[in-house]
Each structure stands twice: as structure tokens, then as C-alpha cells.
Amino acid sequence: MKDETRTELIKAALDARQNSYAPYSGYRVGAALLAQDGEIITGCNVENASYGASCCAERTALFKAVSQGKRRFLAIAVAGGRDGGSLSDYAYPCGICRQVLSEFAGKEEFQVIVARSVDDYREFTLEGLLPCGFGGDSIR
Ligand code: THU
């Protein structure tokens, strides 16, 4: 991925984090998904008083994108941490989000970028974060 694309994606995730609704955990997450057509779709975590009804930032972004007709994605940037101050750690996608991303990641290498700032990030492939995953091919 080009440096400028990565920077744009991380900035979008940090911006999306501003909209996080996390009154229960105080852990605010933003995500930015890069679709194959070049469009960036963002999401944030949205919590609920019935905790299990909460949705992670990554799935918010993915479900928004799919509902807009997107089906293929190249990368996602994720930025998360507790309220206030700078991000003290990298926010890795949870297991459910890894699984949901894998549904639409395709065979090409899908990149997962976890960032604390535009110049402080780590990059993985989804295959690396979810090896031997369960997918549509497993049940056909
Ligand atoms: N969260 C995400 O948004 N993404 C993840 O991959 C892990 C967790 C959110 C869910 C909840 O609102 C808060 O972080 C604390 O778990």
C-alpha cells in the first residue's frame, strides 16, 4: 500500500474514533476500511446498556460498506484506546471482527493496520491474524 493511502486510512480511523459511543467501557475505537474501488468507509464502536447489543468499530464500518453495495476490501485501519490523551496501545480487532472481515477479504492479502498515530502503526495480514479460518469454502 502507498504511504499516502495508509496515512489517509489511519487519519480516517482516528477521526471516526471521535464519534465512538462508549459510555460503558470508556474504550473508544475508530476503524476505516479501504474498499477495492478506493473508497474509504469508516465506523466506530457503538455500545448499548444491554452490553451484548454493542457493535465494534470494525463491524460497524464493514456493515455500512456492505449495505452501500461494496463487496471487496483491501485493508482496514483501527485506532482505539481509553478516553482522553493519546493512544497508549494498539487496538487489535477482536476474534468476531476478524471472522466477519474474512467473509469479504477475498483471496488477496487483506491488510490490517493497528495505529496509535499516523506514524506509529503495525501492519499485518488478516491471514496472519486469523490462520486456518472458517469460511464459505468450508461448508460448500
Ligand atoms: N471494540 C471494538 O470496537 N473493536 C474491537 O475489535 C474490540 C473491542 C469495542 C467494543 C466495546 O465497545 C469496547 O471496544 C470495549 O470492548
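The shown structure was predicted, so the numbers you read here are calculated from the model rather than taken from an experiment. Start at 1 and go down the list; that is how both ligands and their atoms are numbered.
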### Task
Check each heavy atom of C94 against ligand 1 and say whether those closer than 4.0 Å belong to the side chain, the backbone, both or neither.
both
### Message
Minimum distance, heavy atoms only, to atom 9 (C) of ligand 1: which one of N48, V46, N45 is it?
### Response
N45
### Query
Where is the nearest protein heavy atom to atom 14 (O) of ligand 1: which residue, which atom, and how far?
Y27 CD2, 3.4 Å
#### Entry: Validation row, ring centre F124 to ring centre Y92 under 6.0 Å
yes
### Step-by-step salt bridge (Lys or Arg N to Asp or Glu O under 4.0 Å) determination, E123 to R6
CA-CA 10 Å; E123 204 163 349; R6 186 189 305 100; 3.1 Å; yes
### Query
Can you tell me which residue and heavy atom of the protein come closest to atom 12 (O) of ligand 1, and the distance to 0.1 Å?
E47 OE2, 2.5 Å
### Task
Please confirm whether S25 comes within less than 3.5 Å of ligand 1 when only nitrogen or oxygen atoms on both sides are compared.
no
### Query
How about atom 1 (N) of ligand 1: does it have a protein heavy atom within less than 4.0 Å?
yes
### Task
Please check if the distance between the ring centroids of Y24 and Y51 is under 6.0 Å.
yes
### Query
What protein heavy atom sits nearest atom 10 (C) of ligand 1, and how far away is it?
C56 SG, 4.0 Å
#### Entry: Best match, C97, A57, S54: closest heavy atom to atom 3 (O) of ligand 1
A57
### Message
List ligand 1 atoms under 4.0 Å from Y92, heavy atoms only on the residue side.
### Response
6 (O)
### Task
Check each atom of ligand 1 against the heavy atoms of P93 and keep those under 4.0 Å away; list them by number with element.
6 (O)
### Task
State whether R116 and D89 are salt-bridged, where the test is any N-O pair (Lys NZ or Arg NE/NH1/NH2 against Asp/Glu carboxylate O) under 4.0 Å.
no
### Task
Below 4.0 angstrom from a heavy atom of E58, which ligand 1 atoms are there? Numbered from 1 as shown, please.
2 (C), 3 (O), 4 (N), 5 (C), 6 (O)
